[in-house]
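What follows is a short report on a single structure.
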Amino acid sequence: MQNLGIAIIGSGSAVPATSLHNQELTQLVETSDEWITTRTGIRQRRLANSTDSLSSLATAASIQAIASAGITPGDLDLILLATSTPEDLFGSACKIQAALGATQAVAFDLTAACSGFVFGLVTAAQYIRTGAYRNVLLIGADILSRWVDWQDRRTCVLFGDGAGAVVMQANDSDRLLGFALKSDGTQNHYLNLAYQGTPQEIIPGVNVTQGTYQPITMNGKEVYRFAAQKVPEIIDKALFAANLTVDQIDWLLLHQANQRILDTVAQRLNIPDHKVISNLANYGNTSAASIPIALDEAVREGKIKTNDIIAASGFGAGLTWGAAIFQWGK
C-alpha cells in the first residue's frame, strides 16, 4: 500500500558570513539607514564572497535538513533546486547531489524566481503523491548580489544571498492541505534579470548573438501593487482548497521581500502580527531562499511546532505567485 500523502519533516539553512549593513550602503549610493528601514524593513543583508558558491550554501542547508529529518543522503530519491542564479546555466542541482553523496537521487533545477520555493514544494508533492518518489530534498537558494547594480539605489538595498532546504517524505496523512499557483507574463517586464547580447556574424550571412545577463531591473511600485493585491487572493484560494479559514492558520510565512508587503497582506487577511514570520531585517530579499530560511529559523527557535498550520506564499518575477497551506512535521 503506497503512502500518498506528504509530510515536511526537516529543515536547514545557510547564509554567507559577510554582512552589509544599511549604514555601509551610504558609501555606495545616496541613501540612509532610516530611508531603507522605513521603506523596506531591511537593516542588513548577507553577501556571498569569492569563496562562497551557490552549491556550497545549498549543500550546507541540505545537510542540516537531512539531519533534522532523521534520514541519510542515500535515502533521497529526488533533489529539486529552486534558483534563478545557478553557477552553471546547465543547472547546479547535480553538483549538490554529488556533494551530498545522494547517489540514488535524481536532481534538477527549477526556476520561478521568488516564487520558486512554493512552486518547488507543489512540484515535489506531485512526485510523492503519485508514488514515484518517497524522500525529496527541496532547496531554495540564490546569490542575487552577483546580479545587482550596486549603483542603483532602488535595487541594491533590497537583495541578499542564502539557501534554505526542507525534506519532504511520503506519509500516511497528507500534510500539504491546499495550494494555488498563478503566473502573468503580461507583467513580465516589471522585474527582470535579462540576457543582453550583440549580434556577431560567424560566417557571411549567419549571425548569432553573444553577451551576458544584465543587472536586476525592477519597477518597485508595480511589484508592490501586484503583491499587495494578488498575495491575499492566492492565500484565500489555497485556504479554500484546504477547506480552512484564516483564523485556523498558526503562521503566515511570506516571501521576505518588503516589510510593508508583509504588513499589508496580514492586514488584508486579518492575521495578527504575532502570527507573521519576518526575518528580512537581517537578510533582505533572498529570493527562492527566503521562505525556507525563515521557516528553518522559526522551527529551530521553537516557534513553529509539530502540527502547526502554515500559510506560505511566494511572489515575484514572471510575474509568478503561489501559496501552499501545510502542517509542519509528521
Side-chain angles (χ1 to χ4, degrees), residues 11-22 25 36-37 40-49 52-62 64-65 80-87 92 96 109-121 138-150 155-166 191 193 215-216 218 220 223 227 231 253-262 276-300 312-318 320-322:
S11 65
S13 59
V15 293
T18 304
S19 290
L20 183 68
H21 293 261
N22 288 348
L25 276 168
I36 299 167
T37 306
T40 70
I42 299 164
R43 296 186 181 278
Q44 61 174 314
R45 67 287 296 141
R46 300 292 186 93
L47 302 182
N49 63 27
D52 293 314
S53 70
L54 185 91
S55 53
S56 66
L57 288 171
T59 300
S62 299
Q64 285 185 10
L80 266 181
L81 171 65
T83 188
S84 303
T85 56
E87 263 119 25
S92 292
I96 297 160
D109 290 26
L110 177 152
T111 301
C114 301
S115 305
F117 183 80
V118 171
F119 277 46
L121 186 73
L138 170 63
I139 309 160
D142 272 301
I143 298 183
L144 288 172
S145 62
R146 292 174 177 163
W147 300 106
V148 165
D149 176 355
W150 289 98
T155 56
C156 76
V157 302
L158 300 175
F159 297 105
D161 305 332
V166 296
L191 182 51
L193 202 172
I216 294 164
M218 183 173 75
V223 171
V231 175
L253 176 55
L254 300 181
H255 163 51
Q256 305 287 297
N258 184 310
Q259 189 63 43
R260 284 179 169 181
I261 293 174
L262 272 63
V276 180
I277 293 171
S278 174
N279 70 351
L280 89 163
N282 296 323
Y283 302 109
N285 178 345
T286 55
S287 193
S290 81
I291 291 174
I293 290 172
L295 173 69
D296 181 54
E297 279 197 347
V299 168
R300 289 175 192 276
S313 180
F315 49 91
T320 55
W321 65 107

Check the pair Leu280 / Gln259 against side chain to side chain contact (heavy atoms under 4.5 Å, CB included), numbers first and verdict last. CA-CA 8 Å; Leu280 89 163; Gln259 189 63 43; 3.1 Å; yes
Return yes if some donor-acceptor pair links the side-chain N/O of Asp52 with the main-chain N/O of Pro16 below 3.5 Å, else return no. no
Interatomic spacing from OG1 in Thr155 to CD1 in Ile216 - rounded to 0.5 Å: 6.5 Å
Where Val15 and Gly162 come nearest, the two heavy atoms and their spacing: CG1-CA, 4.2 Å
Just verifying a value: how many Å separate Leu121 CG and Ser115 OG, rounded to the nearest 0.5 Å? 12.5 Å
When you compare the side chain of Ile139 with that of Thr83, does any pair of heavy atoms fall below 4.5 Å? no
Asp161-Ser145 side chain donor-acceptor pair, cut-off 3.5 Å: yes
d(Leu47 CG, Leu20 CG) to nearest 0.5 Å is 5.0 Å
Among residues at least two apart in sequence or on other chains, which ones pass salt bridge (Lys or Arg N to Asp or Glu O under 4.0 Å) with Arg260? none
Side-chain touch Asn285/Cys114, heavy atoms, less than 4.5 angstrom: yes
Less than 4.5 Å apart, side chain to side chain, heavy atoms only: is that true for Leu110 and Leu81? no
Could you walk me through whether His255 and Ser313 satisfy the side chain to side chain contact (heavy atoms under 4.5 Å, CB included) test, starting with their C-alpha distance in whole Å, then the side-chain angles of each, then the deciding distance to 0.1 Å, before giving a yes or no? CA-CA 6 Å; His255 163 51; Ser313 180; over 6 Å; no
Heavy-atom donor-acceptor pair, Asp109 side chain to Ser92 backbone, under 3.5 Å: yes
Side chains of Leu158 and Leu144 in contact at under 4.5 Å (non-hydrogen atoms): no
Which distance, rounded to the nearest 0.5 Å, do you find between the CG of Leu254 and the OG of Ser278? 9.0 Å
Is there a donor-acceptor contact under 3.5 Å from the side chain of Asp142 to the main chain of Ser287? no
Contact check, side chains of Met218 and Val223, non-hydrogen atoms, under 4.5 Å: yes
Is it true that, when you exclude Arg146 itself, more than 12 heavy atoms of the residues, nucleotides or ligands shown sit nearer than 6.0 Å to its CZ? yes
Of the non-hydrogen atoms in Ala58 and Ile96, which two are nearest, and what is the gap between them? CB-CD1, 3.5 Å
State whether the side chain of Thr85 and the backbone N or O of Ile143 hold a donor-acceptor pair below 3.5 Å, judged by distance alone. yes
Closest heavy-atom contact between Ile277 and Ala298? CD1-CB, 4.0 Å
Nearest heavy-atom neighbours spanning Gly116 and Ala288: CA-CB, 4.5 Å
Indicate whether any N or O donor in one side chain lies under 3.5 Å from an N or O acceptor in the other, for Gln256 and Thr286. no
Min side-chain heavy-atom separation Trp150-Leu25 under 4.5 Å: yes
Could you check whether any side-chain N or O of Ser13 sits under 3.5 Å from a backbone N or O of Ala163, counting only pairs where one atom can act as donor and the other as acceptor? no
Where do Gly316 and Leu191 come nearest, in terms of heavy atoms and distance? C-CD2, 4.2 Å
Is the closest side-chain heavy-atom distance between Ile291 and Val118 below 4.5 Å? yes
Going by atom types alone, do Asn22 and Thr37 pair a side-chain donor with an acceptor below 3.5 Å? yes
If only side-chain N and O atoms count, and only distance matters, is there a donor-acceptor pair under 3.5 Å linking Ser19 with Gln44? yes
Flag the pair Val166 / Phe117 as yes when at least one side-chain heavy-atom distance between them is below 4.5 Å, and no otherwise. yes
Check ring-ring contact (aromatic ring centres under 6.0 Å, His included) between Phe119 and all other residues, then give those that pass, not counting sequence neighbours. none
Quick one: does Arg45's side chain have a donor or acceptor within less than 3.5 Å of a partner on Asn282's backbone? no
Looking only at non-hydrogen atoms, find the nearest pair between Ser84 and Ala113 and report the distance. OG-CA, 3.2 Å
Salt bridge (Lys or Arg N to Asp or Glu O under 4.0 Å) filter on Asp296, not counting sequence neighbours, yields Arg300
Straight-line distance of Glu297 CD to Asn279 CG, nearest 0.5 Å: 4.5 Å
